Every structure is written in structure tokens, then in C-alpha cells.
Amino acid sequence: MDKMSTKNITGIHHITALAGNALKNLEFYRDILGLRFIKKTVNFDDPGVYHLYFGDYEGNPGSILTFFPYEGIRRGRHGVGLVNTTSFSVPAESIAYWENRFEKYSIPFKNVQERFGSEAFMYFEDTDGLGLELVFNNLDKRGPIPGGDIPGEYAIRGFFGAEIWAAGSERTAALLTDKMDHELIKESGSRVRFAAKNEPGHFIDILVPSSSTRGLNGGGTVHHVAFATPDKETQLKAWHAVKRHGLDPTPFIDRQYFRSIYFREPGGVLFEVATNGPGFAIDEPLEALGTELKLPPRYENRRESIETQLQPLNDPSKSFK
Ligand code: ZN
């Protein structure tokens with residue numbers, strides 16, 4: 001937490017997406033991408049469904065990708081008004097490693113391309129069609145996410161950023177820069193990049209695609225993007241700033257690992273502002289994150305009936321070491 005900062009928003013906190021089968025989701029992000037499985041809990045608004053959290057070792061903001069897996073969910077559609085690509089930061093020298101790894105696991109990927117002159121990236125999708133990228137760069141000061149079979153020199157560091165598709169970038173850009181402490185970082189063609197913290201993990205790209213087809217939430221789409229705020233005081237300031245912008249933020253909601261507000265930005269994407277604390281070690285030790293089903297206190301008395309509705313995910317042989 002940066003006490004010197006006057007910013008209410010300090011970057012990306014987490015990104016939450018919709019998935020189909022829970023076990024496939026777990027295997028893709030933990031076993032193939034090498035993220036740490038940091039929390040197994042339920043959707044607090046729909047406790048018959050998992051909420052699976054992935055991230056770096058501690059689950060630091062800027063690394064947290066979460067899923068609501070609904071078995072048999074109808075696929076969504078990428079398009080305007082959604083975050084369509086979630087990108088991960090990997091070292092510049094890891095291109096060949098990841099190409100080989102995706103071939104080994106039969107994961108289709110597009111050839112490496114460049115944007116902004118020299119930013120190399122590779123597009124791929126998870127088993128539900130969620131848009132993902134690896135961005136090959138040497139700007140990232142974070143260490144590798146440990147624990148899997150990926151050598152540290154190639155492993156994911158956390159997010160690189162998120163890409164929003166918009167019919168026009170102006171209104172979302174105005175919200176980000178005027179009320180959410182973001183700055184314009186660079187722009188090229190139909191892509192404009194913003195960040196509250198100018199480093200990998202926190203980039204928000206707004207892309208104006210050639211097609212104006214609206215996105216549709218469903219399997220393989222991002223449900224919302226959450227921005228990080230240091231504490232409850234800065235969150236209250238962010239709430240007022242968003243309100244002054246003419247938007248309609250929700251009341252403060254306790255999400256056990258952070259406290260949240262939600263609002264829809266002018267381009268249609270659901271935004272959240274989440275506190276950095278208390279974090280994922282609040283209900284299990286850091287070294288044991290993700291090993292047990294965790295429920296918020298209000299659902300503990302329903303644990304048995306909740307557990308019977310959920311697909312078993314335990315596979316100790318693959319758990320984090
Ligand atoms: Zn969220």
C-alpha cells in the first residue's frame with residue numbers, strides 16, 4: 001500500500017470471467033498457464049456455483065483472474081462493450097517456449113504480432129473462448145509465479161493489462177482520466193492505452209474495432225474488471241468521484257477478501273473498485289491458498305448442501321507445491 005500516493009485508483013485489481021466446466025477451467029489456468037490457484041469459494045450472489053481465483057503466489061492486485069464456472073453455459077460473443085482480451089506479462093525471451101508449450105497441449109494460438117512499434121504479443125483463447133494474450137516484454141519487475149512446471153525465466157508475472165472494445169473511446173477515456181486516476185500512456189491507430197500505474201499489470205487499452213457488433217456476456221467473456229483502491233477511505237473517494245461523473249455506483253459490498261463497489265462505465269463495461277485488503281490469507285494460510293472450499297461466514301451453515309452441488313475439484317497430485 002502506497003501511503004504517499006494521492007491516487008484513489010492504483011491499477012487493475014482483478015478480472016472476472018464466465019466459464020463452463022470448472023475442472024477444465026482449473027486445469028487450463030493452473031496446469032497449462034502456470035497461475036497459482038489461490039482461492040476456491042462460491043459466487044457470493046449464487047452459492048451453487050464456484051468462484052475460482054487464480055493469481056501470483058500471494059494473489060496480488062494486477063495478477064488476479066477469477067471465474068464463475070457454469071456447466072453448460074451458453075457461449076458469449078466478443079464485441080463492443082466488453083473486455084475482450086486479458087493479457088499476461090511474460091519475459092521477451094519466452095516466445096519459443098510458449099509456442100512449444102501450446103503445441104504440446106494442442107492450444108491454438110495466432111502468430112506473434114507487434115503493436116506500438118515493438119510490443120510483441122500472441123493471441124490465444126481458453127477452452128471456453130476467453131480472449132487471452134501473452135505480451136513478451138522486459139518491462140516487468142515482478143518475479144515469476146512459482147509452483148508449476150514452467151521454468152521461472154519463462155513463467156507469467158501477472159497481468160499485462162486488459163483490452164476494452166468501444167464504439168468510441170472518448171467517454172470511457174474521460175472517466176478513466178478525470179475520475180479514476182488513469183493517464184494516457186500511448187496511442188496508435190484505433191488503440192489507446194491508459195494506466196493508473198505505468199507498468200505491466202495495469203494497462204487498460206481501449207480499442208475501437210472495425211465492427212460495431214455488441215458483445216454478449218456468456219461463457220468465454222469477461223464479466224467485469226476491478227480496479228484497485230488502497231483502503232476504505234480511498235474507495236469512498238472513488239465512489240464520490242464516480243457519482244459526480246453521473247454514474248451510479250452500488251453500495252459497498254463485502255467480498256470477504258476485499259470490499260467492492262460496482263458501476264457500468266459509459267461504454268457498457270461493468271467496472272468494480274476493490275480494496276487491496278484484507279487479501280486471500282484472511283481465511284487460510286498463505287502456503288495453503290486454494291486447497292479447501294472457503295465460504296463466507298453467512299453460508300457456513302449451508303456448507304453441506306452447497307458442497308454437494310459443486311463438482312469435485314480436488315486433485316492433490318496437482319496441488320500447488
Ligand atoms: Zn470482481
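Source: prediction; values computed, not measured. Ligands are counted one by one from 1 in listed order, and the atoms in each one are counted from 1 as well.
- Distance check: I9 CD1 to H182 NE2 gives 7.5 Å after rounding to the nearest 0.5 Å.
- At least one N/O/S atom of H14, whether from backbone or side chain, sits less than 2.8 Å from the Zn ion (ligand 1).
- Looking at E272, its N, O or S atom nearest to the Zn ion (ligand 1) turns out to be OE1.
- Using modelled atom types, no side-chain atom of R302 and backbone atom of I306 make a donor-acceptor pair closer than 3.5 Å.
- Under 2.8 Å from the Zn ion (ligand 1) lies an N/O/S atom of H224, whether from backbone or side chain.
- Seen from the ring of F54, R36 does not count as a face-on cation partner, given the 6.0 Å and 45° thresholds.
- Using a cut-off of 4.0 Å between Lys/Arg side-chain N and Asp/Glu carboxylate O, R193 and D205 are scored as salt-bridged.
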